[in-house]
Amino acid sequence: GNSVTQMEGPVTLSEEAFLTINCTYTATGYPSLFWYVQYPGEGLQLLLKATKADDKGSNKGFEATYRKETTSFHLEKGSVQVSDSAVYFCALVIQGAQKLVFGQGTRLTINP
Amino acid sequence: DAGVTQSPTHLIKTRGQQVTLRCSPKSGHDTVSWYQQALGQGPQFIFQYYEEEERQRGNFPDRFSGHQFPNYSSELNVNALLLGDSALYLCASSLGFAGLRHQPQHFGDGTRLSIL
């Protein structure tokens, strides 16, 4: 079946540190890949996406590259801020499908 | 431009009761999906409505049912509530039925349902 596995959290970093949150997937066909962010008490917001192999999605200083050979879509940011504290979800959609398949989420806390 | 709105924000019910959750999609969107997010977990797809019909369903029992109205708003109904139904219920909207590869879903803030 189709599934997403994220690195276990929680992750705690100091402000301005480098961030990596690992995400790997199992899918039939050629999925599109997404990162969503959930701030406390809110719904999910799309952070970035990539629709084919070697695509790089980027937004607000975050980046992730679609790696078909390693079935990965790791999220990175060069210098995190306190405001980046949230739960991050990696997700996929199979071509033609109508549902997102999510990983379990990674809670990120940034200390000043 | 109004985003996805859900009501109520919080709800407390007891086992065996029935509940109805409501969702208004983002302006211009015509497709509504519902997800269940248990505490500490990622959202799980319940079902999707397009043109007032259920188009796709996840692995949820028949106690979960829904409806879409002509104005594209939607309801999620859950009967015979169980303790395990306690979760955040998220509504997401998108445009069209051509797949989500290029039309990402927009999520509401959810309804927190607690079963006592």
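Values in this document were obtained by computation on a predicted structure and should not be read as measured data. Below, read A as the first sequence line, B as the second, and so on, with proteins coming before strands; counting in each chain starts at 1.
Going from atom CG of A:Leu100 over to atom CD of B:Gln44 covers 11.5 Å, rounded to the nearest 0.5 Å.
By number of non-hydrogen pairs under 4.5 angstrom with chain B, the leading residue of A:Gln38, A:Gln45, A:Gln6 is A:Gln38.
Hydrophobic clustering, with ILVMFWY side chains joined whenever heavy atoms are under 4.5 angstrom apart, keeps B:Leu88 apart from B:Val4. No continuous path of ILVMFWY side-chain contacts below 4.5 Å connects B:Ile46 to B:Tyr35, so the two sit in separate hydrophobic clusters. No path of Ile, Leu, Val, Met, Phe, Trp and Tyr side chains, each step under 4.5 Å between heavy atoms, connects B:Leu76 with B:Tyr72, placing them in separate hydrophobic clusters.
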Please step through side-chain contact (heavy atoms from CB on, under 4.5 Å) for the pair A:Phe34 and B:Gln105, ending with a clear verdict.
CA-CA 11 Å; A:Phe34 303 84; B:Gln105 293 180 324; over 6 Å; no

Start with the C-alpha gap between A:Phe102 and B:Phe45, add the side-chain angles, then the distance that decides, and say whether side-chain contact (heavy atoms from CB on, under 4.5 Å) holds.
CA-CA 9 Å; A:Phe102 287 90; B:Phe45 176 79; over 6 Å; no

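The environment of B:Glu54 atom CD is dense: over 12 non-hydrogen atoms of other residues, nucleotides or ligands sit within 6.0 angstrom. Crowding of B:Gln6 atom CD: a count of heavy atoms from other residues, nucleotides or ligands under 6.0 Å exceeding 12. In the displayed structure, B:Asn71 atom CG is contacted under 6.0 Å by more than 12 heavy atoms of other residues, nucleotides or ligands.
Within the 4.5 Å cutoff, the side chain of B:Gln56 has heavy atoms near those of the A:Lys99 side chain. Inter-residue side-chain proximity for B:Pro43 and A:Leu44 is flagged as met; some heavy-atom pair is nearer than 4.5 Å. In this structure the side chain of B:Gln41 never reaches within 4.5 angstrom of the side chain of A:Phe89, judged on heavy atoms.
Under a 3.5 Å cut-off, the side chain of A:Tyr36 and the backbone N or O of B:Phe107 do not form any donor-acceptor pair.
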